**Student:** 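I have a structure here, written as structure tokens, and I will follow up with some questions on it.
Because the structure is a prediction, the values reported are computed rather than measured.
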Amino acid sequence: QVQLVESGGGLVQAGGSLRLSCATSGRTSIVHSMGWFRQAPGKERDFVAAFSWTGGSTDYADSVKGRFTISRDNAKKMVYLQMNSVKPEDTAVYYCAASRSGRVGVPDYWGQGTQVTVSS
């Protein structure tokens with residue numbers, strides 16, 4: 001019903017910036033919250049950032065507060081993650097996620113992921 005495709009990942013030096021994009025398609029009207037998660041090698045998938053139309057809220061993991069910003073362009077049906085002042089520990093595969101509920105913590109749809117590597 002909903003398809004998500006991430007892009008914008010790559011190699012960036014510590015302290016630099018990167019913007020990830022998530023293109024949405026399909027029955028996007030059923031989506032009420034979206035967010036970003038990341039998974040480093042050998043680690044579990046962690047929450048990064050999210051927003052909810054129904055809740056009117058934005059949330060960030062403590063590790064990225066003040067550095068990352070989630071945003072969206074409703075006209076383009078795009079969701080973005082602006083990553084500033086990146087650190088080596090930000091290295092991970094980043095996934096775009098969407099939920100039919102107001103809680104993106106329990107996503108119904110996932111993108112395929114895009115690799116972000118931060119060099120020191």
**Student:** Of all residues at least two apart in sequence or in a different chain, which pass the ring-ring contact (aromatic ring centres under 6.0 Å, His included) check with F37?
**Tutor:**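 With sequence neighbours excluded, F37 shows a ring-ring contact (aromatic ring centres under 6.0 Å, His included) to F47, W110, given in chain and number order.
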**Student:** Kindly indicate whether the side chain of I30, heavy atoms from C-beta on, has any atom under 4.5 Å from the side chain of V2.
**Tutor:**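 The answer is yes; the side chains approach within 4.5 Å.
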**Student:** Is the shortest distance from a Lys or Arg side-chain nitrogen in R38 or D46 to a carboxylate oxygen in the other one below 4.0 Å?
**Tutor:**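 So R38 does not pair with D46 through a salt bridge.
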**Student:** Answer with yes or no whether the hydrophobic clustering places L4 together with W53; edges join I, L, V, M, F, W, Y residues whose side-chain heavy atoms lie under 4.5 Å apart.
**Tutor:**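 Shared cluster, yes.
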**Student:** Show your reasoning for whether side chain to side chain contact (heavy atoms under 4.5 Å, CB included) applies to Y80 and I70.
**Tutor:** CA-CA 6 Å; Y80 306 97; I70 188 171; over 6 Å; no
**Student:** As a test of understanding, state which of K76, Q3, K77 forms a side chain to side chain contact (heavy atoms under 4.5 Å, CB included) with T24.
**Tutor:**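 Only one option passes, and that is K77.
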**Student:** Is D90 salt-bridged to K87, going by a charged N under 4.0 Å from an acidic O?
**Tutor:**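 Salt bridge: no.
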**Student:** Going from OG on S21 to CD on E6, what distance comes out if it is rounded to the nearest 0.5 angstrom?
**Tutor:**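 With rounding to 0.5 Å, OG (S21) is 10.0 Å from CD (E6).
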**Student:** Determine whether a donor-acceptor pair (N or O, by modelled atom type, separation under 3.5 Å) exists between the side chain of S17 and the backbone of N84.
**Tutor:**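 Not a single qualifying donor-acceptor pair exists.
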**Student:** Is a donor on one side and an acceptor on the other found under 3.5 Å between the side chain of H32 and the backbone of S101?
**Tutor:**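 Not at all, since once roles are kept as given, no pair shorter than 3.5 Å links the two residues.
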**Student:** Dump the intermediate steps for side chain to side chain contact (heavy atoms under 4.5 Å, CB included) on C96 and M34, then the final yes or no.
**Tutor:** CA-CA 8 Å; C96 180; M34 294 191 67; 3.7 Å; yes
**Student:** Rounded to the nearest 0.5 Å, what separation is found between the OH atom of Y94 and the CD atom of Q115?
**Tutor:**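 Y94 OH to Q115 CD: 9.5 Å, rounded to 0.5 Å.
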**Student:** Do you know which two heavy atoms are closest between S120 and A14, and how far apart they sit?
**Tutor:**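 Scanning both residues completely, I find the closest heavy atoms to be CA-CB, 4.3 Å.
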**Student:** Could you tell me whether the side chain of V116 reaches within less than 4.5 Å of the side chain of T91, counting heavy atoms only?
**Tutor:**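 No, every pair of side-chain atoms sits at 4.5 Å or beyond.
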**Student:** Run V12 and T117 through side chain to side chain contact (heavy atoms under 4.5 Å, CB included) and show every step you take.
**Tutor:** CA-CA 6 Å; V12 62; T117 302; over 6 Å; no
**Student:** What's the shortest heavy-atom distance between L18 and G9, and which atoms?
**Tutor:**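 Shortest heavy-atom separation between L18 and G9 comes out as CD2-CA, 4.2 Å.
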**Student:** Is the NZ or CZ atom of R72 both under 6.0 Å from the centre of the six-membered ring of F51 and within 45° of that ring's axis?
**Tutor:**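 Positive - R72 is close enough to the ring of F51 and near enough to its axis.
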**Student:** How about Q13: does its CD atom have over 12 heavy atoms from other parts shown lying under 6.0 Å from it?
**Tutor:**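 Open.
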**Student:** Within 45° of the axis and under 6.0 Å from the centre of the six-membered ring of Y95, does NZ or CZ of R45 qualify?
**Tutor:**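 So R45 does make the cation-pi contact.
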**Student:** One pair to check against side chain to side chain contact (heavy atoms under 4.5 Å, CB included): T114 and V93. What are the steps and the verdict?
**Tutor:** CA-CA 5 Å; T114 185; V93 175; 6.0 Å; no
**Student:** Are any of the side-chain heavy atoms of L81 and T69 separated by less than 4.5 Å?
**Tutor:**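 Answer no - side chains too far apart.
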**Student:** Is the shortest heavy-atom distance from the side chain of Y109 to the side chain of Q1 under 4.5 Å?
**Tutor:**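 Y109 reaches Q1 side chain to side chain.
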**Student:** Is it the case that more than 12 heavy atoms not belonging to R103 sit under 6.0 Å from its CZ atom?
**Tutor:**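 No, because the 6.0 Å sphere around CZ of R103 holds 12 heavy atoms or fewer from other groups.
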